[in-house]
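Below you'll find the structure, written out as structure tokens, and then a few comments.
These numbers come from a predicted model, not from an experiment. A, B, ... follow the sequence lines: proteins, then strands. Residue 1 opens every chain.
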Amino acid sequence: MKRYIPKDIEPKWQKKWAETNLYAAEDFSLKPKYVMLTEFPYPSGAGMHVGHMREYSLGDIVARQKRMQGYNVLFPMGFDAFGLPTENYAIKNKISPQQATSDAVTSFVQQLKGMGFSFDWSRSFNTSDPEYYRWTQWLFLRFFKSGLAYQSEIAVNWCPFCKTGLANEEVINGRHERCDTPVEKKLLKQWMLRITDYADRLVDGLSTVDYPSRIADQQINWIGRSKGAEINFSIDNQDVTITVFTTRPDTIFGATALVLAPEHPLVERLTTTAQKERVNAYIKATEAKSDIERQDTDREKTGVFSGSYALNPASGERIPVFIADYVLTGYGTGAIMSVPAHDERDHAFAVKYDLKIIEVIKPSDDKTTAATVFTGEGVMFNSGKYDGLASSEMREQIIKDLAEKGLAKEKINYRLRDWIFSRQHYWGEPIPIIHCPKHGAVAVPEQSLPVELPKVAHFEPTDTGESPLATIADWVNTTCPECGTPAKRETDTMPNWAGSSWYYLRYFDPHNANAFADRKLLDYWGAVDMYLGGMEHTTLHVLYSRFWHEFFYDQGLVPTPEPYSARRGQGIILAADGTKMSKSKGNIVNPNEVIDNGYGADALRLAITFLAPYDQTTPWSPEALGGTFRFLQRLWTLVHDYVESDGGDNESDDLKTIINRTIYKVDQDLMAYGFNTAIATFMECVNDLYRVKAKDNFSSIEWQWAIESVLKLLAPFVPHISEELWEAIGNEGSIHLEEWPGYDQAWTIDQEVTVAIQINGKIRGTVKVQRGTDQAAVLTAAKQELSASNYLVGQEITRVIYVPDKLLSLVVK
RNA sequence: GCCGGAAUGGCGGAACUGGUAUACGCGCACGACUCAAAAUCGUGUUCCUUUUGGAUUGAGGGUUCGAUUCCCUCUUCCGGCACCA
């Protein structure tokens, strides 16, 4: 018998699949379509480790099963080539980013092909190809022409290490998500995308798609929609109004101060001469603080009195106006009404600065202790005509009453901020804008796209807040498309999230030179049916691309309101020691090494998938590989034993049951993405086949059917060995073109069942009976079974509960 | 602080709508083959007591004939957000 040596079979089949174009998706096929998308990687010099392969292994299983189930499957792969990782790699190795990208793509393709994934390679592209980013620029101009892309001089998050501005989404706990450097604030003129215009749509759209709640909730939290009111406070003896945002207008009678952010535009005007020195000193001190310092919630609250007083529009009381940095300038109006009795932050502030604390809400059950700040709903008091009424019900009434006097209006605020879209780096799509002294920012005409990234000798980022492109005079200097006068190109580039915000659409029509994709193909392929990727992209890439797609839908460019019908997030594979795999720690498990060590891609795919539920973060276990390899060896031996045997002529009910049950279970598991339990089912199945083989001499026809069925089920998981064994048992043509096997329900059920006997809640024995035996007969059998023991001796049975074919529960005393 | 998830043998994990907890794999032990080892095959493997038995799904309570599963309280860990009014 031939031994199972993966090296001998895997490259052979990979070559054959490529030659026969086995996994090509067909445009306009009459079969139902299924788009299985896995996030495309950014090509870097580091190569991919086993953790990366989890995502593609899972996607490949689904894609292959769907193909066998008769779908026209699109399972594409490309490369997210622009961005910091590639640029940093290029700088470090003193090669051009173009070269770094092309080298990395070559090695990534080799790694992916070695795993036997069924990607349609004819649709592959990389986002740094001018033929691709031409359309990224074209789509950006749609935002620009709709007023959704605008320039703004704002204090951006600046990473001093990467030397670039960042979006809010890229800042984690005050640090850059990529390099962990604390970010600084830097005043820069930036391109922004008005994602906040789509805040409601991004929340509401979630109820139309199939996302796990942990992903949907995270996006909802990130967007942070909160309903409340803007209320105007007039300033005593001055013709000035301060507008505050609050979600609790029902506490307005308890507002005993106004607090403005230090950056609030009215601070200067409200500061009295007597207080000027103190206020200026405070603002200076605030500016000196880092973002991380300012965001520390445990920090003692500080502030300063402005000298002015406001009038509470509900109570008419004169209340002081303070300036304090616990009020944020970027949220709401940058000013709040302080209600110390019912807000913990305001309480702490009021205690420190000796402000009045007026309680106006008490819990309906009235068991509050004076020590705590009551922030819940309750009954209003000290609130004039609202006394005795429920706070939750009066909230809208108060807004209405104040609105009649022109003092308030309903308002919804979002935590989400507009998307800072400029990067001061070389390796990105040039923003296709020309700055004309007369016409301002002008779009590059469509026929002049792409605005190609010039090839340069020096592409290192600068400290000036300008992109390296700014130094290339003959690229920067151009003429205005409107009037022909000398003008300058925009020198900032787009963030690495730009190309990935629409890449799935390009797979539908990857070679189109006249449009980002043909409308007929967009209509045919529609939304992505399943999108698998990392949890870390929930509030970055997934949110961004939903925003782009929703805008395109409004522009009539795409047929569906949402890009992804369903989304799943796979868990991270950690190193065996439980820490993250990283090149610097040297704990990376390289798939190439695993394959070369003789385990092969199939055993690796199984090990990755069998490790844990797909969505769970879990440490890698090198030993698991031995287990899955042994399993494949046992399968190999089983099939070859059959091929080399003569075969008998026995019919076998056991065999029928084993196979039908396996098909049923694997079917169920795959529907629920229970990949690890599906593999356990295969292992049980092969163990069972060994067991019955030793017992009976089955007919060849039955064995052939059994083995063919098992191989078809295994084909999506282990494509090489199943193809090899499919051939070995005498089949022509690829197993991957076979139909997914069906099962006979009748053979998945045992005729003889084991019924557990429970006495007072404890299992005391079991009886075997025919399926469908009635309660009386089972009770008789149970009494007989337990006659040898004394559980029932001298006891009276007071209650009998029978769960048919499963369990008999007796209550005795 | 807020939102989400989790806790089951030595380890990764399984268990359908409440119905025989520990499937499958790893590891370990013993046996077969071998001069020997590896590989392979077989047997066993939750814990305590081993005679009967008893305990056990992070802790404590509850509902139920019966709870890993449902409810309440709490602990720990992981992910996300965080002075967002």
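- Residue A/A612 is the one, among A/R634 and A/A612, whose nearest nucleotide of RNA chain B lies closer to the 5' end (criterion: closest heavy atom).
- Taking only side-chain nitrogens and oxygens, A/N676 comes nearer than 4.0 Å to OP1 or OP2 of B/A14.
- Using a 4.5 Å heavy-atom threshold, the side chains of A/W747 and A/Y664 count as separate.
- Comparing the P positions of B/A37 and B/C30 gives an interatomic distance of 12 Å, to the nearest angstrom.
- Of the candidate nucleotides B/G80, B/C81, B/G19, B/G80 has the atom lying nearest to any side-chain atom of A/Q218.
- Close to B/G27, at under 4.0 Å from its OP1 or OP2, lies a side-chain N or O of A/R630.
- Residue-level contact check: A/E684 touches the backbone only, with heavy atoms under 4.0 Å from sugar-phosphate atoms and none from bases.
- Looking at every heavy atom in both residues, A/T662 comes nearest to A/I658 through OG1-O, 2.7 Å.
- Residue A/P619 is classed as having no contact, given no heavy-atom separation below 4.0 Å to the nucleic acid.
- Using a 4.0 Å heavy-atom cutoff across all strands shown, A/V803 reaches at least one base atom of the nucleic acid.
- Ring planes of A/H537 and A/H541: perpendicular class, angle over 60° (limits at 30 and 60°).
- Across all strands shown, A/R764 has heavy atoms under 4.0 Å from sugar-phosphate atoms exclusively, and none from any base.
- Nucleic acid contact class of A/V259 (heavy atoms, under 4.0 Å, all strands): none.
- Classification of A/R299 and A/D325 as a salt-bridged pair holds, one side-chain N sitting under 4.0 Å from a carboxylate O.
- The residue A/E344 sits apart from the nucleic acid: no heavy atom pair falls under 4.0 Å.
- Nearest heavy-atom pair across A/F245 and A/Y331 is CE2-OH, 3.9 Å.
- Comparing the same atom, P, in B/C11 and in B/C16 gives a spacing of 23 Å after rounding to whole Å.
- Between A/F682 and A/F717, the angle of the ring planes goes over 60°, which puts this pair in the perpendicular group of the 30/60° scheme.
- In this model, no side-chain donor or acceptor of A/T297 finds a partner on the base of B/C83 within 3.5 Å.
- Within 4.0 Å of A/S809, counting heavy atoms only, lies at least one base atom of the nucleic acid.
- Residue A/I172 is in sugar-phosphate contact alone, with no base atom involved, counting any heavy-atom pair closer than 4.0 Å across all strands shown.
- When the C1' atom is used for both B/G19 and B/U68, the distance is 13 Å, rounded to whole Å.
- Among the atoms of the strands shown, base atoms are found under 4.0 Å from some heavy atom of A/R294.
- Of the side-chain N and O atoms in A/Y326, none sit less than 4.0 angstrom from OP1 or OP2 of B/A85.
- For the C1' atoms, the distance from B/C26 to B/A32 is 23 Å, rounded to whole Å.
- Neither OP1 nor OP2 of B/A85 sits under 4.0 Å from any side-chain N or O of A/S338.
- Within 4.0 Å of A/I763, counting heavy atoms only, lie sugar-phosphate atoms of the nucleic acid but no base atom.
- Nearest-nucleotide positions on RNA chain B place A/T754 closer to the 5' end than the other of A/G761 and A/T754.
- Using a 4.0 Å heavy-atom cutoff across all strands shown, A/T538 reaches no nucleic acid atom at all.
- The nucleotide whose nearest atom lies closest to any side-chain atom of A/M683 is, among B/A85, B/C24, B/C26, B/C24.
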